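So the structure is just underneath, and the comments pick up after that.
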Amino acid sequence: MKQHRATLAVAIGMSVAGAALSVDGPNLLTDFGTALGAPPAPWRFVGLPYQSKPMTRFRIVNHEGARVLEVSADESYGNLVHDLSGAASDARWLSWRWRIDVDNPAGDPQKRSGDDHALAVCAMFDLPLAAVPFAERQVLRAARVAAGELLPSATMCYTWDERQAQGASSNSPFTRRVRYLVLRGSGEPLQQWRQERRDLRADFLRLFGGEASAVPPLLAVSVSADADNTHGHSLALLGDMVLE
């Protein structure tokens, strides 16, 4: 179980044929229209290669008069990915609203045994291989060959973590190709909506500035939740995700 997270950057970049957002101006990524239940394309579920453990459940629900994404993790793993291309690859701002209704108190992103999140919003970038440290570069190259496609070389995840201070940053304990930034930390009340608006370029340089002085193209945005390491449970909601 512990070894599977070494492939996290690979797993959240695994692709199947589908549309990618390629437009100018602000774009509501969570415009679900009249849909309920499974999120429609271009959103797609991505798990681990040959995943046998339960899959995190993503579904569109009505909440307070709006359609939002409900994310339920129950000893599970999973990501909901929205691929990007064209002008969207140069987007600078990402905004959304989110809330945690049921937290997983056993989560601890500093340890492999506790690296579970009730909710994470991630941005995946195509950092040039030459900027990736040698050992990590070889792992990424092998993964790209196995997948037969371009996989993200740098992923930053915004998290809601009741056990860390707001603004704390860290590497995933499984791979340095994934890095965390805590937006809502200890003392943040649950079951209340919170609004975010992030400068993707500034945050990328904060987390990966030691490897790059320029921001590479944005490959995808994902919503993630997992509880497989702690064998726990969490429930969260997300809506109004806008890329501009």
Side-chain angles (χ1 to χ4, degrees), residues 1-16 20 44 46-51 53 77-79 81-86 88-92 94 107-117 120-159 161 164 167-183 198-224 226 228-229:
M1 177 179 295
K2 293 182 179 180
Q3 293 179 343
H4 81 268
R5 292 305 175 77
T7 62
L8 177 59
V10 174
I12 60 181
M14 293 294 286
S15 177
V16 296
R44 57 187 176 84
V46 177
L48 296 163
Y50 313 108
Q51 181 167 330
K53 63 187 63 182
Y77 178 89
N79 310 275
V81 178
H82 193 306
D83 297 307
L84 306 169
S85 66
S89 298
D90 295 322
R92 177 162 188 171
L94 183 65
D108 183 353
Q110 305 300 317
K111 303 176 182 178
R112 290 191 172 193
S113 60
D115 188 31
D116 288 337
H117 296 92
V121 172
C122 304
M124 289 161 276
F125 295 86
D126 182 22
L127 181 67
L129 277 180
V132 178
F134 179 79
E136 297 169 35
R137 187 189 318 161
Q138 304 315 308
V139 173
L140 182 58
R141 278 177 170 158
R144 287 178 170 178
V145 170
E149 64 178 278
L150 182 69
L151 301 177
S153 47
T155 298
M156 62 180 190
C157 292
Y158 300 109
T159 66
D161 192 326
Q164 295 195 80
S169 61
S170 62
N171 299 331
S172 162
F174 290 91
T175 170
R176 291 183 66 255
R177 306 324 310 152
V178 178
R179 301 180 188 181
Y180 304 140
L181 179 59
V182 179
L183 298 190
R198 302 302 304 183
D199 183 337
L200 296 174
R201 296 179 188 178
D203 289 340
F204 177 87
L205 293 175
R206 172 181 174 179
L207 297 183
F208 287 94
E211 298 176 0
S213 58
V215 181
L218 184 63
L219 294 175
V221 172
S222 75
V223 179
S224 305
D226 54 332
D228 54 323
N229 286 315

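The shown structure was predicted, so the numbers you read here are calculated from the model rather than taken from an experiment.
- Closest heavy-atom contact between A123 and L200: CB-CD2, 4.2 Å.
- Distance check: T159 OG1 to L183 CG gives 6.5 Å after rounding to the nearest 0.5 Å.
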Report the C-alpha distance between V221 and L84 in whole Å, list the side-chain angles of each, state the deciding distance to 0.1 Å, and finish with yes or no for side-chain contact (heavy atoms from CB on, under 4.5 Å). CA-CA 8 Å; V221 172; L84 306 169; 3.9 Å; yes

Kindly indicate, with the supporting measurements, whether the criterion side-chain contact (heavy atoms from CB on, under 4.5 Å) is fulfilled by F204 and L218. CA-CA 10 Å; F204 177 87; L218 184 63; over 6 Å; no

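- Panel note: side chain D116, backbone N229; a donor-acceptor pair is recorded below 3.5 Å.
- For the residue pair L140 and P152, the shortest heavy atom distance occurs at CD1-O, 3.8 Å.
- S172 places a side-chain N or O within 3.5 Å of a backbone atom of F174 that can act as its donor or acceptor partner.
- Here the side chain of Q51 pairs a donor or acceptor atom with the backbone of Y77 at under 3.5 angstrom.
- With sequence neighbours left out, the side chain to side chain donor-acceptor pair (under 3.5 Å) criterion links Q110 to Q164.
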Checking R179 against N171 for the side-chain contact (heavy atoms from CB on, under 4.5 Å) test, could you report, in this order, the C-alpha distance in whole Å, the side-chain angles of both residues, the deciding distance, and whether it holds? CA-CA 4 Å; R179 301 180 188 181; N171 299 331; 3.3 Å; yes

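- A donor-acceptor pair under 3.5 Å links the side-chain atoms of N79 to the main chain of V46, judged by distance alone.
- For the residue pair S224 and C122, the shortest heavy atom distance occurs at OG-SG, 4.2 Å.
- Side-chain contact, D161 with Y180: no donor N or O sits under 3.5 Å from an acceptor N or O.
- Of the possible polar contacts, one joining the R137 side chain to the V132 backbone as a donor-acceptor pair under 3.5 Å is found.
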Kindly determine whether M156 and L181 satisfy side-chain contact (heavy atoms from CB on, under 4.5 Å), including the steps that lead there. CA-CA 7 Å; M156 62 180 190; L181 179 59; over 6 Å; no

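- From L207, atom CG reaches atom OG1 of T155 across 11.0 Å, with rounding to the nearest 0.5 Å.
- At a threshold of 4.5 Å between non-hydrogen side-chain atoms, the residues C157 and H117 do not count as touching.
- In this structure, CG on D228 lies 7.5 Å from CG on L48, to the nearest 0.5 angstrom.
- Once rounded to the nearest 0.5 Å, the distance linking CZ of R176 with CZ of F208 reads 8.0 Å.
- For the pair L127 and E211, the minimum side-chain heavy-atom distance is below 4.5 Å.
- Contact of the V215 side chain with the R92 side chain is not registered, since no non-hydrogen atoms from C-beta on lie closer than 4.5 Å.
- In terms of heavy atoms, R201 sits closest to D90 at NH2-O, 3.2 Å.
- Side-chain N or O atoms of S153 include none that pairs as donor or acceptor with a backbone N or O of D126 at under 3.5 Å.
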